[in-house]
Amino acid sequence: MRAATFDELKDAIAGAYPALPKQLQRIARFALDRPNELALGTVAAVAEAAGVQPSAMIRFANALDYGGFSQMQQVFREHLVERSTSYRDRIAQLRKSGRPQGEGGVLHQFVSDAVAELGRLDDHVKQADLHAAVMLLCRAERVHVLAQRRAFPIAAYLTYALGQLELRTQLLDGIGGMLDNGLRSIAPRDALLVTSFHSYSPEVVDAAAAAHRRGVAVVAITDSAFSPLKPSARVCFELGGDSEPAFRSLVAPMCLAQALVVGVGHRLAEAAAKPVPKRRRNGAAS
């Protein structure tokens, strides 16, 4: 049964992905990473951008039970229209949805959503990944932090909190068009901590890719296994999430950011508590 909504289509693509041929898997990644391009392009243009033959686009649509590319593309176009609505329009949609409208009801609904989001966070974050990210940050000579738009508060908090632990930390805020200068200052033994969610900030994605090519350790906080940040990240936290609500929460990524900071703090305290071995005059340990 073919998907009628974008959320259903995302689930269908994710479910079909393992069994798809490599060329169709490439289209699947493109479709979820760059849905706006798929929504607006011709078959030929989208195929060229995805690096496949136009006929593969038709096969991909057929694999998802669509009669053709245009039929599948319509779902992406409807999603694009929904995502371009203003905050006033989103409020109007909420009012029509039957969700609580009074201030107390709105707060209660957001609290309930946040609790559910935190419950999912514990399932999505692997302890091994958390440990690996903490060790990368502790060993880095300097930690550079980058996020934009909705994700920027996460970067601001991480920069502040890691700095309080006396780590050398720099926020790449891009003020005055100086983002490229800040990126060039990243040394091979530094770490880059990036955060971006759908729709992903191109500057953040490009910065992570450039750092990865230079051998810099990249730690990413994102939302999906199909995130364009994942190929560049040595450690990638995929926080997941349900269908995209009108107002997306930062509860889960902020909680993860706090866990990273406290984890780094514990490791630094352990390192400081270790006794320094005494040495004989000839330099051998006593």
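For the numbers below, each heavy atom of this structure counts, side chains included, while hydrogens, waters and symmetry mates do not.
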Q: Give, for atom CD of Q258 and atom CG of L158, the distance between the pair rounded to the nearest 0.5 Å.
A: 9.5 Å
Q: Please tell me whether V218 and L172 are part of a single hydrophobic cluster in this structure, the criterion being side-chain heavy atoms less than 4.5 Å apart.
A: yes
Q: Determine the minimum heavy-atom distance between A132 and V235, stating which atoms define it.
A: CB-CG2, 3.8 Å
Q: Same cluster or not: V261 versus L192, using hydrophobic residues (I, L, V, M, F, W, Y) connected whenever any side-chain heavy atoms lie under 4.5 Å apart?
A: no
Q: When you compare the side chain of K126 with that of L130, does any pair of heavy atoms fall below 4.5 Å?
A: no
Q: I need the full list of salt bridge (charged side-chain N to carboxylate O under 4.0 Å, His left out) pairs touching residues 156-171, with sequence neighbours left out, sorted by first then second residue.
A: none
Q: Kindly say whether E203 contributes a backbone atom to a donor-acceptor pair with the side chain of S201 at under 3.5 angstrom?
A: no
Q: Go through the steps for L32 and K10 under the test side-chain contact (heavy atoms from CB on, under 4.5 Å), then give the verdict.
A: CA-CA 7 Å; L32 295 185; K10 284 197 302 182; 3.6 Å; yes
Q: Would you confirm whether Y17, through its side chain, and A12, through its main-chain N or O, come within 3.5 Å as a donor-acceptor pair?
A: no
Q: How long is the span from the CG atom in L193 to the CG atom in L260, to the nearest 0.5 Å?
A: 7.0 Å
Q: If I take atom CD from residue Q164 and atom OH from residue Y160, how far apart are they, to the nearest 0.5 angstrom?
A: 4.0 Å
Q: Going through the checks in order, is the side-chain hydrogen bond (donor to acceptor under 3.5 Å, both in side chains) test met by R34 and Y200?
A: CA-CA 9 Å; R34 298 156 67 178; Y200 309 97; over 6 Å; no
Q: Would you say L146 ends up clustered with L239 if hydrophobic residues are merged whenever their side chains have heavy atoms under 4.5 Å apart, either directly or through other cluster members?
A: no
Q: Walk me through whether S224 and E238 qualify under side-chain contact (heavy atoms from CB on, under 4.5 Å).
A: CA-CA 5 Å; S224 167; E238 304 155 18; 6.0 Å; no
Q: Rounded to the nearest 0.5 Å, what separation is found between the SG atom of C138 and the NE2 atom of H266?
A: 11.5 Å
Q: Which atoms form the tightest heavy-atom contact between A208 and V194, and what is the distance?
A: CB-CG2, 4.4 Å
Q: State plainly whether one hydrophobic cluster holds both I221 and V145, where clusters connect Ile, Leu, Val, Met, Phe, Trp and Tyr through side-chain heavy atoms under 4.5 angstrom apart.
A: yes
Q: Could you give me the CA-CA distance, side-chain angles and deciding distance for E117 and R120, then say whether salt bridge (charged side-chain N to carboxylate O under 4.0 Å, His left out) is met?
A: CA-CA 5 Å; E117 186 178 348; R120 293 191 296 269; 5.2 Å; no
Q: When you compare the side chain of M72 with that of L64, does any pair of heavy atoms fall below 4.5 Å?
A: yes
Q: Search all heavy atoms of A61 against all heavy atoms of G68 and return the closest pair with its distance.
A: CB-O, 3.6 Å
Q: Any heavy-atom pair between the side chains of L24 and P21 that's under 4.5 Å?
A: yes
Q: Which residues pass the side chain to side chain donor-acceptor pair (under 3.5 Å) test with T195, sequence neighbours left out?
A: none
Q: With a 4.5 Å cut-off on side-chain heavy atoms, are V143 and Q170 touching?
A: no
Q: Tell me the closest heavy-atom pair linking R234 and G215, and the distance in Å.
A: NH2-O, 3.5 Å
Q: Could you tell me if the side chain of S185 sits less than 4.5 Å from the side chain of R142, heavy atoms only?
A: no
Q: Could you tell me whether the side chain of F197 reaches within less than 4.5 Å of the side chain of S227, counting heavy atoms only?
A: no
Q: With the side chain counted from C-beta on, respond yes when F76 and L9 share a heavy-atom pair under 4.5 Å apart, and no when they do not.
A: yes
Q: What pair of heavy atoms forms the shortest contact from G41 to F69, and how long is it?
A: O-CE2, 4.2 Å
Q: Verify side-chain contact (heavy atoms from CB on, under 4.5 Å) between L118 and D122, making sure each step is shown before the conclusion.
A: CA-CA 7 Å; L118 289 174; D122 203 30; over 6 Å; no
Q: In sequence, state the C-alpha distance, the side-chain angles, and the governing distance for F60 and Q23, and then conclude on side-chain contact (heavy atoms from CB on, under 4.5 Å).
A: CA-CA 9 Å; F60 179 73; Q23 195 173 41; over 6 Å; no
Q: Strictly distance-based, threshold 3.5 Å: is any side-chain N or O of Q73 a donor or acceptor partner for the main-chain N or O of L38?
A: yes
Q: Using the side-chain hydrogen bond (donor to acceptor under 3.5 Å, both in side chains) rule, take N181 and R184 through it: C-alpha gap first, then chi angles, then the decisive distance, then the call.
A: CA-CA 5 Å; N181 289 30; R184 284 196 291 270; 2.7 Å; yes
Q: Is a side-chain N or O of D11 found less than 3.5 angstrom from the main chain of E8, in a donor-acceptor match?
A: no
Q: Would you compute the distance between atom CZ of R214 and atom CD1 of I186 and round it to the nearest 0.5 angstrom?
A: 6.0 Å
Q: Report the distance from atom OG of S70 to atom CD of Q74, rounding to the nearest 0.5 Å.
A: 8.5 Å
Q: Could you tell me whether a side-chain N or O of T222 sits under 3.5 Å from a main-chain N or O of S196, the two making a donor and an acceptor?
A: yes
Q: Please name all residues satisfying side chain to side chain donor-acceptor pair (under 3.5 Å) with Y157, sequence neighbours left out, ordered by chain then number.
A: none
Q: For G51, is there any backbone N or O sitting under 3.5 Å from a side-chain donor or acceptor partner on R26?
A: yes
Q: If I compare all heavy atoms of V251 with all of S249, which pair ends up nearest, and what's the gap?
A: N-OG, 2.9 Å
Q: Is any side-chain heavy atom of I27 less than 4.5 Å from a side-chain heavy atom of M57?
A: yes
Q: State whether the side chain of R77 and the backbone N or O of A39 hold a donor-acceptor pair below 3.5 Å, judged by distance alone.
A: yes
Q: Tell me whether L268 is reachable from M135 by hopping between hydrophobic residues (I, L, V, M, F, W, Y) whose side-chain heavy atoms are closer than 4.5 Å.
A: no
